[in-house]
S.K.: 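One structure is given below, represented as structure tokens, and several questions about it will come after.
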Amino acid sequence: MIESTRATDAPLQRLLLERIYSATGKAWRIGITGSPGAGKSTLIESLGMVAIEHGHRLAVLATDPAAATTGGSILGDRFRMTSLSSHPNAFIRPSSNRGSDTALSRRIRESILVCEAAGYDVVIVETVGAGQSDVTIADVVDMVIVASLPNAGDEVQGIKRGIMEYADIVAVTKSDIDRSLALRAASQLRSALSLIRSRFRDWQARTAIVSSVTGEGVGDLWALCEQFFAPTRQLSIEQNRRQQRRRWFEEALIEALIDRVRTEAHSAHSIERIYSAIEDGTVLPPIAAIEIVHSWRTSQ
Ligand SMILES: Nc1nc2c(ncn2[C@@H]2O[C@H](COP(=O)(O)OP(=O)(O)OP(=O)(O)O)[C@@H](O)[C@H]2O)c(=O)[nH]1
Ligand SMILES: [Mg+2]
């Protein structure tokens, strides 16, 4: 219900969200991003089991933008998260973004809230770091882990600067394959990260070296998560959430305005004329926008 983008589901969605809102906000919201095949899902399986051993209840939300074309690795994800998917303290929700190329499900924030209201105190969001979508992982979680393959040279060059800029932890994955390569990768990443201004005044981006196969480094990675969410950092995290709520509001406002303009009976046909004038280049887009909102106010 909460993931639905059908207009007919909107009223029930709103009711549900309003009812649960006061029971949300208590989870650690963790995002795991990185290039396809970097080892994100497998890492969530091993990191998630550590979290559960520490007494947490874990929800995993994974968006798979490739599902539409490849038939989906969603079954694959269940396969990759076998211990988690059968654990009573874990909830896994893979969702495909059929027909859309966004890296995050459109209702990801709402989904996180529902998981929190259901009593999950750690929510992990997996996304491919495609970065074309307007809502990025850093807009919806408190902490971003970037999973990075150990072929460091390529990764440091290849990873979009954008992703590194909001990495709170970079985890070099698959260290069991070639440990010295992983060590070298981590040290190159550390120097690359030191050149980037970190998102938080009280958190300098860290690196970790992990193998989800042997479990090496996974406990240390969880310890870093605990440091990030330490009580002393609560203010920073809340400050970030305040900004996120503002952005969410502004996005929703734009969406609602566009919806309204499109559905206004009297403008239904004129909006099409405005669109073609804009496409033709005969009307300036920002001026058309301002005029629509203006004409609307005077017609109320
Ligand atoms: N040797 C080794 N292989 C790993 C490790 N982690 C993941 N893999 C393998 O790498 C492949 C990709 O792993 P996934 O966890 O599916 O990677 P992903 O980043 O979630 O991939 P997408 O969701 O498709 O972008 C799988 O075949 C895994 O078995 C690791 O620590 N060591
Ligand atoms: Mg995956």
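As the structure lists them, so they are numbered: ligands from 1, and atoms in each ligand from 1.
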S.K.: With a 4.5 Å heavy-atom cut-off, do V144 and V146 have their side chains touching?
M.R.: yes
S.K.: Under 2.8 Å from the Mg ion (ligand 2) - does any N, O or S atom of S41 fall there?
M.R.: yes
S.K.: Give the name of the N/O/S atom in E126 that lies closest to the Mg ion (ligand 2).
M.R.: OE2
S.K.: Test of understanding: given a 4.0 Å heavy-atom threshold, classify the contact between D176 and ligand 1 as side chain, backbone, both, or neither.
M.R.: side chain
S.K.: Have D202 and S236 got a donor and an acceptor in their side chains that come within less than 3.5 Å?
M.R.: yes
S.K.: Pairing donors with acceptors under 3.5 angstrom, does anything connect the side chains of Q244 and W248?
M.R.: no
S.K.: Pull out every atom of ligand 1 sitting under 4.0 Å from any heavy atom of S211, numbered as shown with elements.
M.R.: 31 (O)
S.K.: Aromatic rings H56 and W222: how do their planes relate, parallel, tilted or perpendicular, breaks at 30° and 60°?
M.R.: perpendicular
S.K.: Mark up the atoms of ligand 1 that fall under 4.0 Å of a heavy atom belonging to E126, in ascending order.
M.R.: 20 (O), 23 (O)
S.K.: Numbering the atoms of ligand 1 from 1, which are under 4.0 Å from a heavy atom of K40?
M.R.: 15 (O), 17 (O), 18 (P), 19 (O), 20 (O), 21 (O), 22 (P), 25 (O)
S.K.: When you measure from atom 12 (C) of ligand 1 to each heavy atom in S41, G37, A38, P36, which option holds the nearest one?
M.R.: G37
S.K.: Would you indicate whether the side-chain heavy atoms of L149 and T173 approach each other to under 4.5 Å?
M.R.: yes
S.K.: Rounded at 0.5 Å granularity, tell me how far CD1 in I2 sits from CZ in R93.
M.R.: 11.5 Å
S.K.: Specify side chain, backbone, both or neither for V128, according to which of its non-hydrogen atoms lie closer than 4.0 Å to ligand 1.
M.R.: side chain
S.K.: If the cut-off is 4.0 Å to any non-hydrogen atom of G39, which atoms of ligand 1 fall inside it?
M.R.: 7 (C), 13 (O), 14 (P), 15 (O), 17 (O), 18 (P), 19 (O)
S.K.: Is it the case that over 12 heavy atoms from other parts of the model lie below 6.0 angstrom from the CD atom of E250?
M.R.: yes
S.K.: For atom 15 (O) of ligand 1, tell me which residue out of I44, T42, V218 has the closest non-hydrogen atom.
M.R.: T42
S.K.: Looking only at side-chain N and O atoms, does E45 offer a donor or acceptor that is under 3.5 Å from a partner on S212?
M.R.: no
S.K.: Would you say ligand 1 has an N or O under 3.5 Å from any N or O of S175?
M.R.: no
S.K.: Where on I177 is there a heavy atom closer than 4.0 Å to ligand 1, on the side chain, on the backbone, on both, or on neither?
M.R.: side chain
